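Following: one structure in structure tokens, then a few remarks.
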Amino acid sequence: MFDSIRSHRRWLMFFMLVLIIPSFVFFGIQGYNSFSDKEGALATVDGTPITQAQYDVALRDRIERLRQSLGSSFDPKLLDTPDARVAVLDQLVLDRALANEAAKSNVVVPVERLREFIANVPVLQQDGKFSYDRYKAFLASRGQNEVQFEQTLRNDLRKQMFVQSVIESAIVPKHVMERIESILLEQREVRVMRLAADSFASKVSVTDAQIAEYYQSNRVRFETPESVRIEYLVLSPETIAGTVSISEGAVKTYYDQNTARYGTDEQRRASHILIAADGGDKAAARKKAEELLAKVKANPAEFAKFARENSKDPGSAAQGGDLGFFGRGMMVKPFEETAYRLNAGEISDVVDTDFGSHIIRVTEIKPAQAKPFAEVRSEIERELRNQQAQKNFTEAADQFTNLVYEQAESLQPAAQKLNLKVLIADNVTRRGVPPNIGPRVVEAIFAEDSLKNRRNTQALEVATNTLVSARVVDYRPAAAQPLEKVSPEIRQLLERGEALRLAREAGEQRLAALRKQPLDKANEAGFSAPTVVSRRQPQDLPADALTEVLRIPADKLPQFVGAEVGTDFRTTSAAGYVVEQVLSAKAGEAIPPAQRDAQARAITQQAAASAEFTYAEALKERHNVKILRPELQRKTEEKAATKNGAAGADTSKSK
């Protein structure tokens, strides 16, 4: 199993950095321990609760990781959906179940493997090598010691080994692969009639009493979350760089000592004649090159002609052997050393490289040139200021940490001492993570001491060499929005729901009538012209409607089917109901080998995902996972759909 980890080291490192290391940052050791009080628990695993606080931390963790990966395109609303909230809790219970499973196993992570992994974590490296000082700083910023951190990491490596072994065991037999491919490629000829919910909007009437009833039944949905207004300080090399003063003399001295950095290196232009070793006979190639060299030295003005007639370098022979200008490190070593030893116009002796035997002529030399001091002065000053700020940061970090703790009633003393600006963030919620503030800071400002006593949080590391301390200025508890404010939203919601219901009823009635009386000139109005659809090319057919079409066995056609569809963001289809006449089945067209290979890889990956899902569900059952909040419980049919793949795929029968 450890061989598997070794062979998938890069993939595993990515997994650990994305999932495990952030868990140290945002949960701490206590995130993996049991809580004795089950009051307010969202779920239990082996009888141990998962609390709202743990859930909130996990959600903020996921928000922050998405923010970092998506940048400016990140929208917090992506995680403000029922499905997203269910997914966060599902991952929490799975992680707890995996931890319990690993604890019961006899699998051991050797010390050597643990050290190897830690040494390769980028945030613990300096100049590409493991830095023990960074490791200690990393642990200190999280209030952990080496024993705690390494034990937690060892447990997480053991958990990952279980999952990875399941993924790698997924094998799709050839006959199954061929069957899946035929299902993916099979086609149906259909005619479609759409009954859009919007077309029934004029028939919908929502009363104030219905709005009030919905409001009372769903008050939590219309609550504004508790929020705070905070002030905070950010200490980093960037924020203290402005306080660093660099003298003119220091800038000039640095320039004089590093002149080579601020200019262009020497470059040489050369031509060559390459005699390749045909059949690997290097001796014959060198002999031919030496014979040619005698002719070249006897008539150096004809070097370009000799190159065009004899050189086996396809890139330069036509240009008379000209290679253009090049610097050090651009040519193979024997070639470079010879070219940089010659003067302009000189011709070398025969030079052997892995490419063959060369005759080299240096045609032009560009000496190294330094940029004038005035041109690079500001660049050097900025670099020196940043270097000094990096050096000053360690001392400033100690002062910052002590000041925000010792004078916890205000951030002003730390701001004045270190010349920092006090920043303001308003409407910060438990789920919101403002720019420059990490999830750990949000967790700290909603701690009881911060809310009740309005004291500074401890200095928290939110990124490498970046500390933040915050203080609550104002606290606003969660409160239900008044009915009159949310009434328009509720009215729109109820109107859409009722319009969709009317569309569904009308569609089901039309479907029932068509099944009794086949389609003819009298009742074909509203249907589209026949079109061919497949799983690979659904055309404009919504996913739910396509599933119903492909569910029908080929030997049961023609037939009418219907499906309710919500807004399908992959197409222009709106919510409503779709009635479809499935006319015939067609075999899929053959696809090119490259596409077939890619499709086979995708099927194998889906099989691995299915195996992982099945293992996860069995694991949760084995560890007695119970979801205590109905709104955070995945629906049974959703689980089945995820487990079995595309609905109806296994019931389709092509002829």
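The structure presented is a predicted model; accordingly, all values stated were derived computationally and were not measured.
Salt bridge annotation for K366-E266: absent, with no cationic side-chain nitrogen under 4.0 angstrom from a carboxylate oxygen. Contact check on R113 versus E116 returns a salt bridge, with a Lys/Arg side-chain nitrogen under 4.0 Å from an Asp/Glu carboxylate oxygen.
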Begin with the C-alpha distance, continue with both residues' side-chain angles, and end with the deciding distance and a verdict on salt bridge (Lys or Arg N to Asp or Glu O under 4.0 Å) for R440 and E461.
-> CA-CA 8 Å; R440 296 181 69 227; E461 186 177 29; over 6 Å; no
Could you check E336 against R328 for salt bridge (Lys or Arg N to Asp or Glu O under 4.0 Å), going step by step and ending with a plain yes or no?
-> CA-CA 7 Å; E336 177 187 295; R328 288 193 178 273; 3.4 Å; yes
Would you sort out whether R377 and E248 count as a side-chain contact (heavy atoms from CB on, under 4.5 Å), showing the intermediate values?
-> CA-CA 9 Å; R377 181 191 177 285; E248 183 77 10; 2.6 Å; yes
Chi angles and distances behind the side-chain contact (heavy atoms from CB on, under 4.5 Å) call for T466, V234 | CA-CA 7 Å; T466 304; V234 178; 3.9 Å; yes
Test side-chain contact (heavy atoms from CB on, under 4.5 Å) on E383 and I380 and set out the steps.
-> CA-CA 5 Å; E383 182 175 348; I380 296 174; 5.6 Å; no
side-chain contact (heavy atoms from CB on, under 4.5 Å) between I347 and L293, intermediate numbers included = CA-CA 9 Å; I347 298 173; L293 176 62; 4.1 Å; yes
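With a 4.5 Å cut-off on side-chain heavy atoms, N120 and F130 do not count as touching. Within the 4.5 Å cutoff, no side-chain heavy atoms of L460 are placed close to those of V468. By the 4.5 Å heavy-atom criterion applied to side chains, P538 and L546 are counted as neighbours. In this structure, the side chains of V332 and D354 stay at 4.5 Å or more apart for every pair of heavy atoms. Contact check for Y615 versus L98: side-chain heavy atoms found under the 4.5 Å cut-off. Considering only heavy atoms from C-beta on, R188 comes within 4.5 Å of L550 through its side chain. With contacts defined as side-chain heavy-atom distances shorter than 4.5 Å, the pair M331/L323 qualifies. Within the 4.5 Å cutoff, no side-chain heavy atoms of Q267 are placed close to those of F326.
A pairwise comparison of heavy atoms in Q319 and G315 identifies OE1-O, 3.1 Å as the closest pair. Residue L467 comes nearest to A397 through the heavy atom pair CD1-CB, 3.7 Å, listed as atom of the first residue, atom of the second, then distance. The two residues Q539 and T531 have their closest heavy-atom pair at CG-OG1, 4.1 Å. Residue A250 comes nearest to L384 through the heavy atom pair O-CD1, 3.9 Å, listed as atom of the first residue, atom of the second, then distance. Between A276 and A285 the shortest heavy-atom distance is O-CB, 3.7 Å. Taking every heavy atom of both residues into account, A616 and L94 meet most closely at CB-CD1, 3.7 Å.
Listed by first and then second residue, the ring pair (Phe, Tyr, Trp, His ring centres under 6.0 Å) pairs that reach into residues 344-365 are H272-H358, F335-H358, sequence neighbours excluded.
Between D352 and S357, the side chains place a donor N or O and an acceptor N or O closer than 3.5 Å (distance only, hydrogens not considered). For the residue pair Q388 / N392, a side-chain donor-acceptor distance below 3.5 Å is found, with atom types taken as modelled.
For the pair R268 and Y340, the distance from NZ or CZ to the six-membered ring centre is under 6.0 Å and the angle to the ring normal is within 45 degrees.
At least one donor-acceptor pair under 3.5 Å links the side chain of Q125 to the backbone N or O of A119. Formation of a donor-acceptor pair under 3.5 Å by the S311 side chain with backbone atoms of G321 is not found in this model. T547 places a side-chain N or O within donor-acceptor distance of the main-chain N or O of A543, the cut-off being under 3.5 Å. Between the side chain of S348 and the backbone N or O of I360 there is at least one donor-acceptor pair closer than 3.5 Å. In this structure, D281 contributes its side chain and A284 its backbone to a donor-acceptor pair below 3.5 Å.
Rounding to the nearest 0.5 Å gives a distance of 9.0 Å between CZ of F393 and CD of E238. Atoms OG1 and CG, from T363 and L342 in turn, are 11.0 Å apart once rounded to the nearest 0.5 Å. Rounding to the nearest 0.5 Å gives a distance of 11.5 Å between CG of D313 and CD1 of I273. Note that the NZ atom of K282 and the OG1 atom of T353 stand 9.0 Å from one another [nearest 0.5 Å]. Taking CD of E346 as the start and CZ of R341 as the end, the distance is 10.0 Å to the nearest 0.5 Å. Interatomic distance, N310 CG to I359 CD1, rounded to the nearest 0.5 Å: 8.0 Å.
More than 12 heavy-atom neighbours from other residues, nucleotides or ligands sit within 6.0 angstrom of CD on E291.
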What side-chain donor-acceptor pairs closer than 3.5 Å can you find for residues 294-309, not counting sequence neighbours?
residue: K297; atom: NZ; partner: D349; partner atom: OD1; Å: 3.0

